[in-house]
Amino acid sequence: MKERLRAALRAALTQRLGVPPAELPDFSVEVPNLESHGDFATNAAMLLAKRLRKAPREIAGLLGPALQAAPEVDRVEVAGPGFLNVFLKADAWRALLWDVLAAGADYGRSARERPARVMVEFVSANPTGPLHFGHGRGAVVGDVVARLLAFSGHQVQREFYVNDAGKQVRNLVLSMVHWLRKDRGLPGELPADGYHGAYVADLARAAPAELTRFLPGEPDEASLVALERFGVAAMLDAIRRDLDDFGVAMDRFSSERELLGSTRLAELLQELQARGVYEERDGARWFLADRFGDEKPRVLIKSDGSHTYFANDLAYHLDKLRRGFERLINVWGADHHGYVPRMRAALQALGQPPEALEVILVQMVSLLRDGQPVVLSKRAGDIVTLREVFEEVGRDAARFFFLLRGSDSQMEFDLELAKRRSMDNPVYYVQYGHARLCSILARARERGLPVPGLESRGALSLAPLELPEELRLVKKMAALAEVVRRAADSCMPHQVVYYLQELTADFHSYYTTYGKTSPILGGPAERVAARLVLVLALRQVVANSLGLLGVSAPERMESLGAEGEEG
RNA sequence: GCGCCUGUAGCUCAGCUGGAUAGAGCAACGGCCUUCUAAGCCGUGGGCCGCGUGUUCGAAUCACGCCAGGCGCGCCA
């Protein structure tokens, strides 16, 4: 509808006001904040005031009739400084309910004229331990951004980059060796950057005997590598399980080590060399990143001949582009932000579009228990794992909480609050909306009331839906596709959360306001039928939205009991 | 010192690419359950949108400068 109004405005501007098509202003067509300002409003007249040397309201008066021509339009008003407010006929809105039922689980999905091939790389935690609490936010944000992109018509691939080649995995295996020796009473110390957690000892003890034959001696390189592979594989398995149980899917785990084995890096270095942006200094090899907007040159090959993490990661990003992905979305912790200009510089230096790389920087999450920060001692190796958190508060609540704030705001995650089954907890509010809708339908069937389906389209009139609250709900449902597209394009999944909260709030309000005077299942049969169509459509929209967040849509929720201190 | 993020109600945060009278939840206070789940609803109070200048028909939103908090500035990952 928005697009049709836009087209009508463009036509009116060129034909009635003689504005050349090339000089059309970039006017808006928006849903206004106030309902009295119509279903849609445009600022076109104000933008043209200067050029046409006319008062905005006068121009608006000329444009109005053009919009009026559309069959869905009820009336058009000139308002305020020169806004055009467009009101649609109620019937035009009501018809949308059938569209919702027809589309079902696909309602809100968009098709793109030109879908982009998008890679979302996220989590990418070192395979040296289980996912900890801090990984949760990036995991959910990446997961939902991927869902949103796919639902809004793009082709999406999700990947986890496995840093299985560097110093960290070496620290892991050395830590394992330390624990093995300790078990046997052999001398030795944990390496300075070693891993303290008890899980490392468990991991070491789980190693098959043939991998620990070097004991009681010191391991040679081959033994170390073998044990390292074992440790990494086991940790990666644990990470996969954590993600799986948290509702986060990956299409592929890309191994840094395997990528190293390919010739990508060598080619890349040659290419940089050929372009004259690669130099040797002090025994190391540098990429002259400062020529491409970064602060300073960056080392690719260290003086000991090993690669920096950056070198390998750059090879990986190039690999993504070669595999045909046009948009590379990475979800990184905000502490890695300094890395962005470096990667962009390198892509640019290699003749790739630097803007292909989009980085979602997620800010820190502080963990609270009952309002007090949870203090963690890194030295003692105590970490709060992601699994502990979602097992404590529940997967739905954990996911919802991580999505509750924009990625670039730091946030607090209060365990007690997330667990609380009360009004403070927004996830239950939304889920309860869905359960309530289901319960109305169940009650209707119990009472033997016919629940209309799509087959009633055409036969059943929706005209009895005349309450302002009912029309408001329909209008909000109409916005889903645009909300999803917007959230996807801007990588802001929290927008869907807010949408969902508004939608369910409108429903709860409608339900309660009329619960006594005009209950959904009361009154004339035609009205009940029409309202059941509204309920069916609402349930679909709520379910689809929850689905996009990876949060379950329960059909019923256990009642807490009104007189409940218990529980 | 330089760079990135943030600063909006008592608290936690929305506010889309500049639009009309700045919103939500929680907290506080007052109401609503014989009838579709009260995990709900209705109402009241609460604001220098960090500060200042600029851009323009119009700024919480854009630009610049300050102030405050967080993070980063390795031949670490």
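Labels below follow one simple rule: chain letters A, B, ... track the order of the sequence lines, proteins then strands, and each chain is numbered from 1. Bear in mind that the values here come from a model prediction, so they are computed numbers and not experimental data.
- Distance from the side chain of A/P519 is smallest to B/C36 among B/A14, B/G74, B/C36.
- Closest to the side chain of A/K516, out of B/U35, B/A77, B/G72, is B/U35.
- As judged by a 4.0 angstrom heavy-atom cut-off over every strand, A/L368 is placed among residues making no nucleic acid contact.
- For the salt bridge (charged side-chain N to carboxylate O under 4.0 Å, His left out) test with A/D294, the passing option among A/R298, A/K296, A/R291 is A/R298; the others fail.
- Note on A/R443 versus A/E446: salt bridge recorded, some NZ/NE/NH1/NH2 to OD/OE distance being below 4.0 Å.
- Comparing the same atom, C1', in B/U8 and in B/A22 gives a spacing of 8 Å after rounding to whole Å.
- In this structure, A/H37 reaches the bases: a heavy-atom distance under 4.0 Å links it to at least one base atom across the strands shown.
- Ring geometry for A/Y339 versus A/W332: interplanar angle over 60°, hence perpendicular rather than tilted (30 to 60°).
- Separating the P atom of B/C49 from that of B/C42 is a span of 28 Å, rounded to the nearest Å.
- Straight-line distance between the C1' atoms of B/A60 and B/A77: roughly 39 Å, to the nearest whole Å.
- Base-pair partner of B/A28: B/U44 (Watson-Crick or G-U wobble, both distances under 3.5 Å).
- Rounded to the nearest Å, the gap between the P atom of B/C41 and that of B/A27 is 13 Å.
- Distance check on atom C1': B/G25 versus B/G15 gives 15 Å, rounded to whole Å.
- Checked by distance alone, A/R405 brings no side-chain donor or acceptor within 3.5 Å of a matching partner on the base of B/C13.
- Nucleotide B/C33 carries a syn base; the chi torsion (O4'-C1'-N9-C4 or O4'-C1'-N1-C2) is within 90° of 0.
- If you take atom P in B/G3 and the same atom in B/C66, they sit 10 Å apart, rounded to whole Å.
- Salt-bridge formation is not detected for the pair A/R257/A/E228: no Lys NZ or Arg NE/NH1/NH2 atom is positioned less than 4.0 Å from an Asp or Glu carboxylate oxygen.
- Distances shown here put a side-chain N or O of A/S409 below 4.0 Å from the OP1 or OP2 atom of B/A14.
- A/Y498 comes within 4.0 angstrom of sugar-phosphate atoms only, judged by non-hydrogen atoms across all strands, and of no base.
- Checked against B/U17, B/C41, B/A77, the side chain of A/Y429 finds its nearest nucleotide in B/C41.
- Checking B/G3, B/C5, B/C75 against the side-chain heavy atoms of A/Q363 singles out B/C5 as nearest.
- When the C1' atom is used for both B/C26 and B/G46, the distance is 14 Å, rounded to whole Å.
- In this structure, A/R75 forms a cation-pi arrangement with A/F87, its terminal cationic atom sitting closer than 6.0 Å to the ring centre and no more than 45° off the ring axis.
- Taking atom C1' on both nucleotides, B/G7 is separated from B/C13 by 12 Å, rounded to a whole Å.
- In a base pair of the Watson-Crick type (N1 to N3 plus N6-O4 or O6-N4) or a G-U wobble (N1-O2 and O6-N3), with each distance short of 3.5 Å, B/C2 is matched with B/G72.
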